[in-house]
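The block underneath contains the structure these notes are about, expressed in structure tokens.
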Number of protein chains: 2
Amino acid sequence: MEQYEHTCMIRGDGGRAIRGILDRICDKWTMLIVATLDEGRMRFTHLHQHIPGISQRMLTLTLRNLERDGLVSRTAYAEVPPRVEYALTDRGKSLIPPALALARWAIEHSNDIQASRDTYDTQDG
Amino acid sequence: MEQYEHTCMIRGDGGRAIRGILDRICDKWTMLIVATLDEGRMRFTHLHQHIPGISQRMLTLTLRNLERDGLVSRTAYAEVPPRVEYALTDRGKSLIPPALALARWAIEHSNDIQASRDTYDTQDG
DNA sequence: GAGGCTACTTACGGTTCGTAACCATCGGGA
DNA sequence: TCCCGATGGTTACGAACCGTAAGTAGCCTC
């Protein structure tokens, strides 16, 4: 129970604060953007090309949220054509180890999970 | 780039497999359910009471997905009133360390992130 | 025989997401 | 002069997802 107090129910707000953070961190694209930016500062188009499946819209929205949370910095250069660079802040970099831990878990268990899904889906539906 | 290959772009499917796993793990409730079940096997109602804010509907749906992925086992007893117990499988337990790492990060940075959000929101909107 | 316990399921309205198209700016070429 | 392309978005719209609240099934108690 003690560990759990530190992960979910912390400090009597019913875990609302923590859930607010986890909801943002654990959405569809945040992890991938953070992991990609770990390589260094990057332009919008470069991010778009390197994160398979993301749309411009979701890239924009997720980057804005990351900027709002102080995890990513946005630098716009007054050039033509425009240039905007994104980079992890120190706080953003501190997210990398736990994010990678989770990603590694996903990779390690990806085959087994897929197999479980297939079994589950073919049983009856 | 090498680390990234192992987190996002792995094995030429454009990262689709990994994203499929991460999308499921990183949804709104999965982490909290897994963290809660770390305490031991639990009944539906107990889970419902201990995860602040979750609805019966989302608890049912998320548990079903966890079962499908082989992370949670479901045991129904033919009693009246009905009794259904959920527990982490070994695979589910293996998710605990990375999940806790992420939760700890969220807790450590929760205040700073909230402050950043407030600043961002009051700047102009 | 009305109501409660448990574990769901369903209906429905609102939010979020994905796709695709559009926009603004400026330089360069015809 | 006019159109094109590059870049970094924004907008429109239909589909998918989520939360709220109510309903369901079986048996027990009052």
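Note that these values count all heavy atoms, side chains included, but never hydrogens, waters or copies made by symmetry. Here is how names work: the chains are called A, B, and so on, in the same order as the sequence lines, proteins then strands, and each is numbered from 1.
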In whole angstrom, give the distance that lies between atom OH of A:Y86 and atom P of D:dT7.
15 Å
End-to-end axis angle, where each axis spans five pairs of the helix from C:dG1-D:dC30 to C:dA30-D:dT1, to 10°
40°
Between CE of B:M58 and P of C:dA7 the distance, given in whole Å, is 19 Å
Of the listed nucleotides C:dA11, C:dG18, D:dT7, the one nearest the side chain of A:P82:
D:dT7
A:Q56 and A:F44: which non-hydrogen atoms are nearest, and at how many Å?
O-CZ, 3.9 Å
Round to the nearest Å and state the distance from B:F44 atom CZ to C:dA7 atom C1'.
6 Å
So which pairs with a foot in residues 88-103 of chain B pass side-chain hydrogen bond (donor to acceptor under 3.5 Å, both in side chains), sequence neighbours left out?
A:W105-B:S94, A:H109-B:S94, A:S116-B:R91
Need one value for A:R43: base, sugar-phosphate or nothing, where a base atom within 4.0 Å counts as base even if backbone is also close, heavy atoms only.
sugar-phosphate
Which one, D:dG19, D:dG8, C:dG18, comes nearest to the side chain of A:K28?
C:dG18
Could you check A:L66 against A:T30 for side-chain contact (heavy atoms from CB on, under 4.5 Å), going step by step and ending with a plain yes or no?
CA-CA 8 Å; A:L66 284 169; A:T30 297; 3.7 Å; yes
Answer with base, sugar-phosphate or nothing: what part of the nucleic acid does A:T45 contact at a heavy-atom distance below 4.0 Å?
sugar-phosphate
Ignoring backbone atoms, test whether A:W29 places a side-chain nitrogen or oxygen under 4.0 Å from the OP1 or OP2 oxygen of C:dT16.
no
Hey, are the side chains of B:L59 and B:L47 touching, using non-hydrogen atoms and a 4.5 Å cut-off?
yes
Under a 4.0 Å heavy-atom cutoff, the residues of residues 60-80 of chain B touching DNA chain C are B:T60, B:R64, B:R74
So which atom in B:H48 and which in B:S55 form the shortest heavy-atom distance, rounded to 0.1 Å?
NE2-C, 4.0 Å
Whole-Å distance, A:R57 CZ to D:dT10 P, equals 11 Å
Picking from C:dT6, C:dA7, D:dA12, the nucleotide nearest the side-chain atoms of B:P81 would be C:dT6
Nucleotide D:dG9, atom P - distance to CD of A:Q49 in whole Å:
14 Å
Return the value, rounded to whole Å, for the distance between atom CD1 of B:I54 and atom P of D:dT20.
11 Å
Could you walk me through whether A:L95 and A:I25 pass the side-chain contact (heavy atoms from CB on, under 4.5 Å) check?
CA-CA 9 Å; A:L95 177 54; A:I25 299 305; 4.1 Å; yes
Could you pull out the closest heavy-atom pair between A:A106 and B:I21, with the gap in Å?
CB-CG2, 3.8 Å
Without decimals, in angstroms, what is the distance between A:E85 CD and D:dG9 C1'?
17 Å
Thinking salt bridges, do A:E85 and A:R43 make one under a 4.0 Å N-O criterion?
no
Tell me the interatomic distance from B:Q56, atom CD, to C:dA7, atom C1', rounded to whole angstroms.
7 Å
In terms of side-chain heavy atoms, does A:T62 have a donor or acceptor partner in A:N65 at a distance below 3.5 Å?
no
